[in-house]
Amino acid sequence: MARITLENITKKYKDKTALDNLSLDVLDNEFFVLFGPAGAGKTTLLKTIAGIEFPQEGLVRIDGAIVNLIEPMYRNVSMVFENYALYPHKNVYDNIASPMRSKLYRKDEAYIKEQVLRVTKMMRIDELLDRKPSQLSNGQRQRVALGRCLVRTPNVFLMDEPLAHLDAKLRHFMRGELKEMQSAFNSTTIYVTHDYMEAMSLADRIAILNSGHIEQLGTSLEMYYTPRNEFVARLFGEPEINIFSGEVEEASGQLGITALGQETIMPVEPDVAAVLRSGNHKRVHIGIRGADITFSFAEKLGWIRGSVYTNEPIGNKVIMVVDVKGTHIYLVAPNDTKAEIDKPVYISMNMKDAILFSAESAEYIIRHDARNVSRRRGANKAVG
Ligand code: ADP
Ligand code: MG
């Protein structure tokens with residue numbers, strides 16, 4: 001319903017720069033996710049679009065029109081805040097109805113009732129319509145706040161961690177509902193989360209925010225498979241990606257990498273070799289995800305020997321931490337894996353799956369077949 005454009009936005013709170021010359025273009029009908037650590041500027045960015053905070057520099061546009069001086073009410077955005085901010089003296093029904101009773105967006109009571117019932121049913125709070133906020137759990141209050149955001153059909157929905165206080169099962173269910181609603185309504189949505197699974201499952205595109213600037217902008221698969229730097233790589237995936245140093249070596253004309261105190265050179269593919277040669281890289285950081293590492297308790301020739309450091313079941317899989325000469329390597333094992341601490345274990349990793357970063361700058365250098373990998377792997381959902 002609207003395109004949102006930010007042009008060179010700088011927002012300071014006294015001498016703290018919350019948004020640092022940030023530009024962003026969110027397309028009409030897009031489900032756009034802002035993802036990043038606490039303090040990155042996510043809430044400030046939403047408030048700047050809503051008109052609750054005013055940037056010192058830059059332009060905010062909605063459908064091309066500059067709205068810097070337009071009051072929040074006239075921007076026709078619907079925002080759900082991180083800290084809910086419900087009316088304490090109103091019950092659930094009236095809280096959710098309130099945006100439809102405002103002077104500017106007034107609707108008749110029959111329509112209001114229909115909408116309140118629609119969203120409360122969807123959020124499974126339709127039994128709570130008479131309760132006051134003080135009689136609700138945090139998760140219920142959060143759903144009321146979300147309901148109040150969703151009853152309207154604004155130009156844009158701004159949602160600040162709207163599911164953060166729900167338990168895992170409900171969060172999963174609500175994600176599905178939001179996604180479905182978004183496609184049915186053709187609304188533009190900007191959604192803040194610090195949960196990477198949520199970001200990946202909801203987003204058309206994601207912007208990674210860090211210290212007031214955008215680290216990377218793209219699809220979730222692009223960020224997972226070809227992160228622009230180590231910071232982005234670490235944000236996606238459970239367990240966190242393994243990143244350790246390696247030396248680029250050449251043996252009989254074949255380029256490869258040694259790492260983890262091993263003598264064996266792990267060969268790299270020709271596309272990777274060409275980039276390492278042309279950039280004259282000697283030392284690199286190797287990023288490799290736990291799901292891409294194979295292990296065996298039986299000795300295997302050419303595999304890396306380590307010992308079990310910890311072995312932690314997390315639902316449908318086991319995270320095994322293997323100590324290799326002091327470096328801890330996280331890998332994903334089947335959930336029936338039993339391993340005593342200190343037991344010898346052999347691991348194998350294929351440089352075809354590795355993401356190489358500069359040892360100096362932590363910036364992305366290359367991964368094998370980078371252009372196709374997210375498309376090919378994304379198709380069979382090999383993310384985790
Ligand atoms: P996020 O939502 O990503 O956690 P915020 O946008 O809330 O980040 O904050 C970005 C930075 O701006 C933080 O360093 C925060 O402390 C600071 N900040 C946010 N709001 C205010 C405020 N009202 N006054 C002073 N500093 C603020
Ligand atoms: Mg915030």
Problem set entry | Shortest non-hydrogen contact between Gly41 and Leu19, atoms and distance |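 Where Gly41 meets Leu19 most closely, the heavy atoms are O-CD2, 3.5 Å.
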Looking at [Y], I'd like to know if the NZ or CZ of [X] sits under 6.0 Å from its six-membered ring centre while staying within 45 degrees of the ring's axis.
X      : Y      : answer
Arg148 : Tyr87  : yes
Lys343 : Phe297 : yes
Arg289 : Tyr224 : yes
Arg152 : Tyr105 : yes
Arg124 : Phe173 : yes
Lys11  : Tyr13  : yes

Could you verify whether a donor N or O on one side chain and an acceptor N or O on the other, from [X] and [Y], lie under 3.5 Å apart?
X      : Y      : answer
Asn8   : Glu57  : no
Asp271 : His368 : yes
Ser307 : Asp323 : no
Thr188 : Glu30  : no
Asp369 : Asn372 : yes
Thr43  : Asp160 : yes
Gln140 : Arg143 : no
Glu7   : Ser23  : no

Between [X] and [Y], does at least one N-O distance fall below 4.0 Å, as a salt bridge requires?
X      : Y      : answer
Glu363 : Arg228 : no
Arg277 : Glu250 : yes
Asp195 : Arg171 : yes

Problem set entry | Min side-chain heavy-atom separation Leu27-Asp204 under 4.5 Å | no
Problem set entry | Arg75 vs Ile62 side-chain heavy atoms within contact, under 4.5 Å |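 Touching, per the 4.5 Å side-chain cut-off.
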Exercise. How far apart are the C-alpha atoms of Glu299 and Arg305, what are their side-chain angles, what is the distance that settles it, and do they pass the salt bridge (charged side-chain N to carboxylate O under 4.0 Å, His left out) test?
Worked result: CA-CA 8 Å; Glu299 184 165 357; Arg305 183 191 159 108; 5.5 Å; no
Exercise. Does the separation of the ring centres of His328 and Tyr309 fall below 6.0 angstrom?
Worked result: yes
Exercise. Taking the six-membered ring for Trp, are Phe295 and Tyr346 ring centroids under 6.0 Å apart?
Worked result: no
Answer with yes or no whether the hydrophobic clustering places [X] together with [Y]; edges join I, L, V, M, F, W, Y residues whose side-chain heavy atoms lie under 4.5 Å apart.
X      : Y      : answer
Leu178 : Val77  : no
Val322 : Met266 : yes
Val321 : Ile304 : no
Met159 : Leu34  : no
Ile241 : Leu235 : no

Just wondering, more than 12 heavy atoms not from [X] lying within 6.0 Å of its [atom1]?
X      : atom1 : value
Glu71  : CD    : no
Arg3   : CZ    : no
His194 : NE2   : no
Tyr364 : OH    : yes
Lys12  : NZ    : no

For this session: Evaluate the criterion ring-ring contact (aromatic ring centres under 6.0 Å, His included) for residue pair Tyr191 and Phe31; output intermediate values, then yes/no.
Result: CA-CA 7 Å; Tyr191 187 101; Phe31 202 117; 5.6 Å; yes
For this session: Starting at CD of Gln216, measure out to CZ of Phe236 and round the result to the nearest 0.5 Å.
Result: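 If we round to the nearest 0.5 Å, Gln216:CD and Phe236:CZ are 8.0 Å apart.
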For this session: Tell me, with the steps shown, if Arg283 and Val248 meet side chain to side chain contact (heavy atoms under 4.5 Å, CB included).
Result: CA-CA 6 Å; Arg283 273 188 65 227; Val248 179; over 6 Å; no
